[in-house]
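This is the structure I have questions about; it appears just below.
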Amino acid sequence: RCRWTIALTQARADFIREENRLGPDHTIFIVPNAPPGPAERLHSRYYQDTLNLPENARVLLHAGRLWWQNANALIETARAWSGDWVVVFQGRLAAQSNGWRDSSHVRLSHDVLPAAMLNYATSSASIGLAMYDTSRANNRLMGAASGKVSLYMRNGLPVIAPKGSDLEWIEREGCGVNVSSVAEIPQAAERIWADYPRFVERAAKVYDESLDFAACFRPVARLM
């Protein structure tokens with residue numbers, strides 16, 4: 001009986017239309033889970049300084065909920081990495097740090113960041129990780145509904161995301177690389193790094209064109 005609907009992604013809009021038998025005439029606005037304003041990469045060494053990382057460290061950032069499926073696999077495999085890549089987990093809850101053990105290639109940012117600090121901290125990373133368990137329908141339809149994807153691209157970070165989900169547009173649009181497992185993450189990171197300026201440029205451009213809340217919410221505001 002609603003006059004119109006807001007969905008976070010096109011895939012979710014299609015799912016909602018079919019699941020609720022809304023019909024082709026029902027208006028659905030796509031408004032991603034993102035902050036307002038254009039993409040901007042800030043000059044920052046937040047994680048390098050606060051985590052005392054080596055000068056040449058390149059940060060793979062996973063922001064948000066810590067214990068997703070295969071997180072432990074990434075933690076264990078990353079501990080055996082060689083080279084300059086360091087996985088940094090930025091959690092949402094202080095309790096997530098209980099029992100944590102850092103290594104040279106895996107670090108946990110123990111501080112829960114206020115919203116005002118998120119862009120500055122994220123800009124110090126090189127690549128964002130958006131890994132989800134694709135066995136669940138909700139995760140397969142995640143896409144731009146994920147706040148972390150928008151956070152990364154808002155700050156000009158290319159993204160590594162899973163195949164078999166609504167995040168495969170990331171590779172199609174040149175914003176990052178899709179992987180089948182955590183074992184493929186180092187290779188994906190090197191692929192991005194080999195053409196890094198282009199991936200950064202595409203991430204910022206696609207964010208401005210498709211994810212900026214201010215632009216996407218404008219049709220809703222006009223109708224209201």
Side-chain angles (χ1 to χ4, degrees), residues 8-12 30 32-35 37-42 44 46-47 57-66 68-71 73-74 78 84-92 109 118-134 138-213 216:
L8 295 170
T9 69
Q10 185 61 55
R12 283 175 179 254
I30 310 301
N33 178 12
E40 180 185 13
R41 186 74 170 267
L42 302 176
S44 171
Y46 176 84
Y47 288 119
R58 294 174 288 173
V59 173
L60 289 164
L61 176 64
H62 185 278
R65 183 174 177 268
L66 180 56
W68 42 277
Q69 184 179 6
N70 288 328
L74 174 58
D84 304 331
W85 291 108
V86 178
V87 179
V88 171
F89 289 90
Q90 175 62 61
R92 294 175 179 165
S109 178
L118 281 177
N119 288 329
Y120 180 72
T122 303
S123 285
S124 68
S126 300
I127 296 172
L129 297 177
M131 303 300 294
Y132 291 96
D133 171 16
T134 56
N138 182 59
N139 290 352
R140 289 196 300 273
L141 297 173
M142 185 60 68
S146 164
K148 63 171 61 68
V149 171
S150 298
L151 175 67
Y152 300 149
M153 294 176 61
R154 162 71 171 75
N155 291 278
L157 266 61
V159 181
I160 295 175
K163 293 180 180 178
S165 71
D166 187 38
L167 288 167
E168 292 193 350
W169 58 268
I170 284 173
E171 186 160 338
R172 289 197 304 269
E173 295 290 341
C175 304
V177 175
N178 294 114
V179 297
S180 299
S181 68
V182 296
E184 297 179 5
I185 288 177
Q187 182 181 2
E190 290 296 342
R191 177 179 162 191
I192 291 171
W193 196 252
D195 198 8
Y196 192 67
R198 183 182 67 84
F199 277 103
V200 169
E201 180 182 6
R202 285 298 302 164
K205 188 173 190 298
V206 171
Y207 179 88
D208 289 342
E209 292 176 348
S210 306
L211 298 177
D212 176 7
F213 178 87
C216 294

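All residue numbers in this chain count up from 1 along the given sequence.
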Minimum-distance pair of heavy atoms, taken over all atoms of Y207 and G37: CE2-O, 3.4 Å

With E168 via salt bridge (charged side-chain N to carboxylate O under 4.0 Å, His left out) - residues at least two apart: none

Residues which pass ring pair (Phe, Tyr, Trp, His ring centres under 6.0 Å) with Y120, listed by chain and number, not counting sequence neighbours: none

For R191, salt bridge (charged side-chain N to carboxylate O under 4.0 Å, His left out) partners two or more places apart: E171

4.5 Å side-chain heavy-atom contact, P162 and L167: yes

Within-4.5 Å side-chain heavy-atom neighbours: F199 and R202: no

Reported CZ-to-OH distance for the pair R58 and Y196, which is rounded to 0.5 angstrom: 10.5 Å

With sequence neighbours excluded, residues passing salt bridge (charged side-chain N to carboxylate O under 4.0 Å, His left out) with E209: K205

Parallel, tilted or perpendicular, as decided by the 30° and 60° cut-offs, for the rings of W193 and W85: perpendicular

A125: partners by side chain to side chain contact (heavy atoms under 4.5 Å, CB included), with sequence neighbours left out: V59, L61, L157

Donor-acceptor contact below 3.5 Å, side chain S123 vs main chain S44: no

CG on L211 to CG on N33, rounded to 0.5 Å: 10.0 Å

Y47 side chain to Q90 backbone, donor-acceptor under 3.5 Å: no

Heavy-atom side-chain proximity of C175 to V159 below 4.5 angstrom: no

Non-hydrogen atoms of V200 and G156 that approach each other most closely: CG1-O, 3.4 Å

S124 to Y46 - nearest heavy-atom pair and separation: CB-N, 3.3 Å

Side-chain (D208) to main-chain (A39) donor-acceptor, under 3.5 angstrom: yes

Non-hydrogen atoms of I192 and G176 that approach each other most closely: CD1-CA, 4.2 Å

Minimum side-chain heavy-atom gap V87-I185 below 4.5 Å: no

Exercise: identify the closest heavy-atom pair between L129 and Y152: O-OH, 2.7 Å

Nearest non-hydrogen partners of P38 and D212, listed with the distance: N-OD2, 4.1 Å

Separation of K148 NZ from L118 CG (nearest 0.5 Å): 12.0 Å

Contact check, side chains of V179 and M131, non-hydrogen atoms, under 4.5 Å: yes

Partners passing side chain to side chain contact (heavy atoms under 4.5 Å, CB included) against F213 (at least two apart in sequence or in another chain): V31, P36, F217

Euclidean distance, I30 CD1 relative to L8 CG, rounded to 0.5 Å: 8.5 Å

Minimum side-chain heavy-atom gap L74-F89 below 4.5 Å: yes

Residues, nucleotides or ligands: over 12 heavy atoms within 6.0 Å of E184 CD: yes

